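Since the structure is predicted, the reported quantities are computational estimates derived from the model, not experimental observations. Chain letters run A, B, ... following the sequence lines, proteins first and then strands; every chain starts at 1.
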2 protein chains.
Amino acid sequence: MRLSTKGRYGLRMMLDLALNYERGYILMKDIARRQEISERYLGQLVRLLKTSGLVKSLRGAHGGYALTKSPTQIRLSEIIRVLEGSVAPLECVDDLDLCNRASRCAARDIWKKIKEAMENILESTTLQDLVEQQTGKQQFQETMYYI
Amino acid sequence: MRLSTKGRYGLRMMLDLALNYERGYILMKDIARRQEISERYLGQLVRLLKTSGLVKSLRGAHGGYALTKSPTQIRLSEIIRVLEGSVAPLECVDDLDLCNRASRCAARDIWKKIKEAMENILESTTLQDLVEQQTGKQQFQETMYYI
DNA sequence: GACAATCCCGATAATTTTAGTAGGAATTGG
DNA sequence: CCAATTCCTACTAAAATTATCGGGATTGTC
């Protein structure tokens, strides 16, 4: 049940863009450095997010990437859907026709329940929620530093 | 976020054993036929479950497999733990030391929350719950059959 | 004791997915 | 024009997954 690096890195990239939302367009180079991820690979992932309309970009000198809307308006479910597709643990949860036993399979029901629980969390959390959590942590750490 | 066939097939096998709990030792051949899964491969998986104490076996003629305890006493979390290991979407959720940014990473917190939600469902569901759900469905289908 | 049925074990092969890398084209500001 | 940057497609190496295979060990039955 592991998430791939697409979802893992992609969410971190989006959080990075959210933290720098006020600064306008952000260089991929800088995101990659802060997140310690290959710039080329992140570049590939960000294009998925751009195609789906969550991110916009400017080419050429002074180019970069930015969120298309405020972090308060971006739910994690949107991000993960783009990068990972459905969070269903099994394909048959999304598509009954894939398995002819699906309609009478109690095992499937459990995976469906789990999918719904995951979706519920991702749906009810926005990038802004993560931003606040992260900045809160940092302040706490800075405080602790002086004790 | 896909489950591997280990967890998928393994849970179905355990449900099959639960449905046939009263009949004593069950042939792998029969489980494989009912579940439409390679007998050899299922044989491999059942050994994991045996080693971990959820299943017992008899060799030789009239051999087979059976649950070591009642379906009411087997939580899905036990089964999945054996077959899939942790359900954590990322390793850093289980082991802070794997990533030096973990303590100040808001993204990680979300995956942790999701892990806990999944665990909660698997922990609070027993094989018996699935048995009842499945037999209920079958009765419903049989009823519908005559309409 | 021979035999058939069954579980047991380790090796390995085939397939798919993942996680990138590479090369270069297109765009833009200065 | 040039440097910086995004954009696009193809390729590849490694890892994980999903089995398959051959043969050994055990047991009940005749």
Novice: Provide, to the nearest angstrom, the distance between the CD1 atom belonging to A:Ile31 and the P atom belonging to D:dT5.
Specialist: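 Atom CD1 in A:Ile31 sits about 12 Å away from atom P in D:dT5.
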
Novice: Is any side-chain heavy atom of A:Leu49 closer than 4.5 Å to one of A:Tyr65?
Specialist: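 When only atoms from C-beta onward are counted, A:Leu49 and A:Tyr65 do not touch, as no gap falls below 4.5 Å.
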
Novice: With a cut-off of less than 4.0 Å, is there a side-chain N or O of A:Ser4 near OP1 or OP2 of C:dT17?
Specialist: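 No, outside the criterion.
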
Novice: Nearest whole angstrom, please: distance from the C1' of C:dC7 to the CG of B:Leu49.
Specialist: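 For the pair B:Leu49 CG and C:dC7 C1', the rounded distance is 15 Å.
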
Novice: May I ask you to evaluate whether A:Thr5 reaches the phosphate of C:dT18, defined as a side-chain N or O under 4.0 Å from OP1 or OP2?
Specialist: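 No, no such contact exists.
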
Novice: According to a strict under-4.0 Å criterion, is B:Lys50 in side-chain N/O contact with OP1 or OP2 of C:dC8?
Specialist: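 Answer is yes, contact under 4.0 Å.
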
Novice: Quick one: is B:Tyr9 getting a side-chain N or O under 4.0 Å of the D:dT18 phosphate, OP1 or OP2?
Specialist: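 No.
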
Novice: Could you check how far CG of B:Leu90 sits from P of C:dA19, rounded to whole Å?
Specialist: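 My rounded result for the distance is 11 Å.
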
Novice: Strictly below 4.0 Å: does B:Lys29 bring a side-chain N or O up to OP1 or OP2 of C:dT6?
Specialist: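 Answer yes for this pair, as a side-chain N or O of B:Lys29 is under 4.0 Å from OP1 or OP2.
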
Novice: Do the side chains of B:Val46 and B:Ile31 get nearer than 4.5 Å, heavy atoms only?
Specialist: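 No, every pair of side-chain atoms sits at 4.5 Å or beyond.
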
Novice: Can you confirm whether B:Lys6 is buried at NZ, in the sense that more than 12 heavy atoms of other residues, nucleotides or ligands lie under 6.0 Å from that atom?
Specialist: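 For B:Lys6, atom NZ is not crowded (no more than 12 foreign heavy atoms under 6.0 Å).
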
Novice: So, for A:Val87 and A:Met118, which heavy atoms are closest and what is the spacing to 0.1 Å?
Specialist: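 What the structure gives for the nearest pair is O-CE, 3.1 Å.
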
Novice: Mind calculating the distance between CD (A:Gln44) and C1' (D:dA10) to the nearest angstrom?
Specialist: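 Taking atom C1' of D:dA10 as the reference, CD of A:Gln44 is at 10 Å.
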
Novice: For the side chain of A:Arg59, starting at C-beta, report the closest nucleotide among D:dT6, C:dC9, C:dT21.
Specialist: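 Nucleotide nearest to A:Arg59's side chain: D:dT6.
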
Novice: Counting side-chain heavy atoms from C-beta on, which of C:dC7, D:dT9, D:dT18 comes nearest to B:Tyr41?
Specialist: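 Nearest to the side chain of B:Tyr41 among the choices is D:dT18.
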
Novice: Please give, in whole Å, the distance from D:dA19 C1' to B:Lys6 NZ?
Specialist: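 My rounded result for the distance is 12 Å.
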
Novice: Return whichever of B:Arg8 or B:Leu58 has its heavy-atom-nearest nucleotide of DNA chain D closer to the 5' end.
Specialist: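 Nearer the 5' end of the strand: B:Arg8.
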
Novice: Which residue, A:His62 or A:Glu39, contacts DNA chain C at a nucleotide closer to its 5' end, judged by nearest heavy atom?
Specialist: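 Final value for this comparison: A:Glu39.
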
Novice: Check whether any side-chain nitrogen or oxygen of A:Ser57 sits under 4.0 Å from OP1 or OP2 of D:dT5, and answer yes or no.
Specialist: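 Answer no for this pair, as no side-chain N or O of A:Ser57 is under 4.0 Å from OP1 or OP2.
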
Novice: Give A:Gly43 one of three labels, base, sugar-phosphate or nothing, depending on what nucleic acid heavy atoms sit under 4.0 Å from its own.
Specialist: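 Contact class for A:Gly43: none.
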
Novice: Does C:dT21 have OP1 or OP2 sitting under 4.0 Å from an N or O in the side chain of A:Ser38?
Specialist: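 Answer yes for this pair, as a side-chain N or O of A:Ser38 is under 4.0 Å from OP1 or OP2.
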
Novice: From the list C:dT21, D:dT26, D:dC7, which nucleotide is the closest neighbour of the side chain of A:Tyr65?
Specialist: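 Comparing C:dT21, D:dT26, D:dC7 against the side chain of A:Tyr65, the answer is D:dC7.
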
Novice: Is atom NZ of A:Lys69 surrounded by more than 12 heavy atoms (other residues, nucleotides or ligands) closer than 6.0 Å?
Specialist: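 Counting neighbours around NZ of A:Lys69, more than 12 heavy atoms of other residues, nucleotides or ligands fall under 6.0 Å, so yes.
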
Novice: So which one's nearest nucleotide on DNA chain C is more toward 5', A:Arg40 or A:Ala61?
Specialist: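 Whichever sits nearer the 5' end wins; that is A:Arg40.
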
Novice: Mind calculating the distance between CG (A:Leu42) and P (D:dC7) to the nearest angstrom?
Specialist: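 The distance from CG of A:Leu42 to P of D:dC7 comes to 13 Å, rounded to the nearest Å.
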
Novice: Would you tell me if any nitrogen or oxygen in the side chain of A:Tyr25 comes within less than 4.0 Å of OP1 or OP2 on D:dA4?
Specialist: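 Answer is no, no contact under 4.0 Å.
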
Novice: Does A:Phe140 have more than 12 heavy atoms from other residues, nucleotides or ligands lying within 6.0 Å of its CZ?
Specialist: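 No, the 6.0 Å shell around CZ holds no more than 12 heavy atoms from other groups.
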
Novice: Could you tell me the separation between the NZ atom of A:Lys56 and the P atom of D:dT6, rounded to a whole number of Å?
Specialist: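 It works out to 15 Å between those atoms.
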
Novice: To the nearest angstrom, how far is A:Arg2 atom CZ from C:dA19 atom C1'?
Specialist: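 Checked: the CZ to C1' distance equals 16 Å.
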
